[in-house]
A.B. asks: 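This is the structure I have questions about; it appears just below.
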Amino acid sequence: MVAKGVLLQLFTTLKQSPDVEWEFVDGSIVRSHQHATGASTDERESIGKNRGGNTTRIHLAVDSYGLPIDFLLTGGEVHDIRAAPELIARLPEADFVVADKGYDSEPIREQIRKKNGKPVIPRKSNSKTGNADMDWCLYKYRHLVENAFARLKHFRAIATRYDKLARNYASTLALACCMMWLPM
């Protein structure tokens, strides 16, 4: 069932009509259990090695209601700005794309503008241009993506990764996202 991508197809079917006036993007790190690593395989694992141990980063996008639209898995050492172009390219067009300072980059802002959206991303403190054009009222709703991570991490298999292969963990994550969409 996992190898065929049935759970990912189910998630794709459920998310057909998101409210994409606003899209919120963020990343969160989950610890990988020691048994999730081991013998090398040819398939993608998305497990990063660093001082804190084995970790995976979930890059998640949610809609105006805080429901997951799409996600991307990378190793834990991969910064948000490196995975953002791929995730933003996969998202539907939105009026506003809201993210934190980790996504502060002109190429990211330009990619959002090319998709007819307005980036709501605060600039870093060392920026020369400042935050004069920042919509702080809309930025306060960024908690929706943080709440989505909190709801996803209630699932034990998401909070601590036990799967070796990225496709298996992605299927588990897709199932958890489906559970968030079902009450709608």
A.B. asks: Please answer whether the main-chain N or O of Pro122 pairs with a side-chain N or O of Tyr103 as donor and acceptor at a distance below 3.5 Å.
C.D. replies: no
A.B. asks: Donor-acceptor pair, distance only, cut-off 3.5 Å: does the side chain of Ser32 make one with the backbone of Arg161?
C.D. replies: no
A.B. asks: For the residue pair Leu67 and Met180, what are the closest heavy atoms and their distance?
C.D. replies: CD2-O, 3.5 Å
A.B. asks: So, the side chain of Asp104 versus the backbone of Arg123: is there a donor-acceptor pair under 3.5 Å, distance only?
C.D. replies: no
A.B. asks: Would you say Thr172's side chain and Asn168's backbone share a donor-acceptor pair under 3.5 angstrom?
C.D. replies: yes
A.B. asks: State, to 0.1 Å, how close Gly102 and Ile81 come at their nearest heavy-atom pair, and which atoms those are.
C.D. replies: O-CB, 3.7 Å
A.B. asks: So which atom in Lys115 and which in Ile88 form the shortest heavy-atom distance, rounded to 0.1 Å?
C.D. replies: NZ-O, 2.7 Å
A.B. asks: Quick one: does Trp181's side chain have a donor or acceptor within less than 3.5 Å of a partner on Pro68's backbone?
C.D. replies: yes
A.B. asks: If you take all heavy atoms of Arg57 and His59, which pair is closest and at what distance?
C.D. replies: CD-CE1, 3.0 Å
A.B. asks: For a quick test of reading the model, state the closest non-hydrogen atom pair linking Phe24 to Ser64 and the distance between them.
C.D. replies: CE1-CA, 4.3 Å
A.B. asks: Answer yes if Ile29 and Leu60 sit in the same cluster of Ile, Leu, Val, Met, Phe, Trp and Tyr residues linked by side chain heavy atoms under 4.5 Å apart, and no otherwise.
C.D. replies: no
A.B. asks: Could you give the distance from CG (Asp135) to CD1 (Ile121), rounded to the nearest 0.5 Å?
C.D. replies: 13.0 Å
A.B. asks: For residues Leu73 and Val78: do they belong to one hydrophobic cluster (side chain heavy atoms under 4.5 Å, members Ile, Leu, Val, Met, Phe, Trp, Tyr)?
C.D. replies: no
A.B. asks: I need the Ser28 OG to Ile158 CD1 distance, nearest 0.5 Å.
C.D. replies: 11.0 Å
A.B. asks: Test Glu23 against Asp63 for side-chain contact (heavy atoms from CB on, under 4.5 Å), laying out the working first.
C.D. replies: CA-CA 5 Å; Glu23 290 175 347; Asp63 68 358; 5.8 Å; no
A.B. asks: Is there a donor-acceptor pair under 3.5 Å between the side chain of Lys15 and the backbone N or O of Cys177?
C.D. replies: no
A.B. asks: Can you list every pair that meets salt bridge (Lys or Arg N to Asp or Glu O under 4.0 Å) and has a residue in residues 65-75, with sequence neighbours left out?
C.D. replies: Asp70-Arg90
A.B. asks: At what distance, to the nearest 0.5 angstrom, does NZ of Lys114 lie from CD of Glu93?
C.D. replies: 13.5 Å
A.B. asks: Rounded to the nearest 0.5 Å, what separates atom CG in Leu8 from atom OG1 in Thr13?
C.D. replies: 10.5 Å
A.B. asks: Should we count CE of Met179 as having more than 12 external heavy atoms under 6.0 Å?
C.D. replies: no
A.B. asks: For the side chain of Ser171 and the backbone of Leu7, is there at least one donor-acceptor N/O pair under 3.5 Å apart?
C.D. replies: no
A.B. asks: Return the minimal non-hydrogen interatomic distance between Pro85 and Gln111, and the atom names on each side.
C.D. replies: O-NE2, 2.9 Å
A.B. asks: Can you name the one residue among Asp80, Val62, Leu144, Val98 that meets side-chain contact (heavy atoms from CB on, under 4.5 Å) with Asp26?
C.D. replies: Asp80
A.B. asks: How many angstroms lie between CG in Asn147 and CG in Leu152, if you round to the nearest 0.5 Å?
C.D. replies: 11.0 Å
A.B. asks: Please report the interatomic distance CG(Leu173) to CD1(Ile58), rounded to the nearest 0.5 Å.
C.D. replies: 5.0 Å
A.B. asks: Any ion pair linking Glu77 and Arg82 (charged N to carboxylate O, less than 4.0 Å)?
C.D. replies: no
A.B. asks: Applying side-chain contact (heavy atoms from CB on, under 4.5 Å) to Leu14 and Leu182, what does each step give before you reach the verdict?
C.D. replies: CA-CA 8 Å; Leu14 283 174; Leu182 285 178; 4.2 Å; yes
A.B. asks: Hydrophobic cluster membership, with links at side-chain heavy-atom distances under 4.5 Å among I/L/V/M/F/W/Y: are Leu87 and Val20 in one?
C.D. replies: yes
A.B. asks: Would one find more than 12 heavy atoms of other residues, nucleotides or ligands at under 6.0 Å from atom OH of Tyr139?
C.D. replies: yes
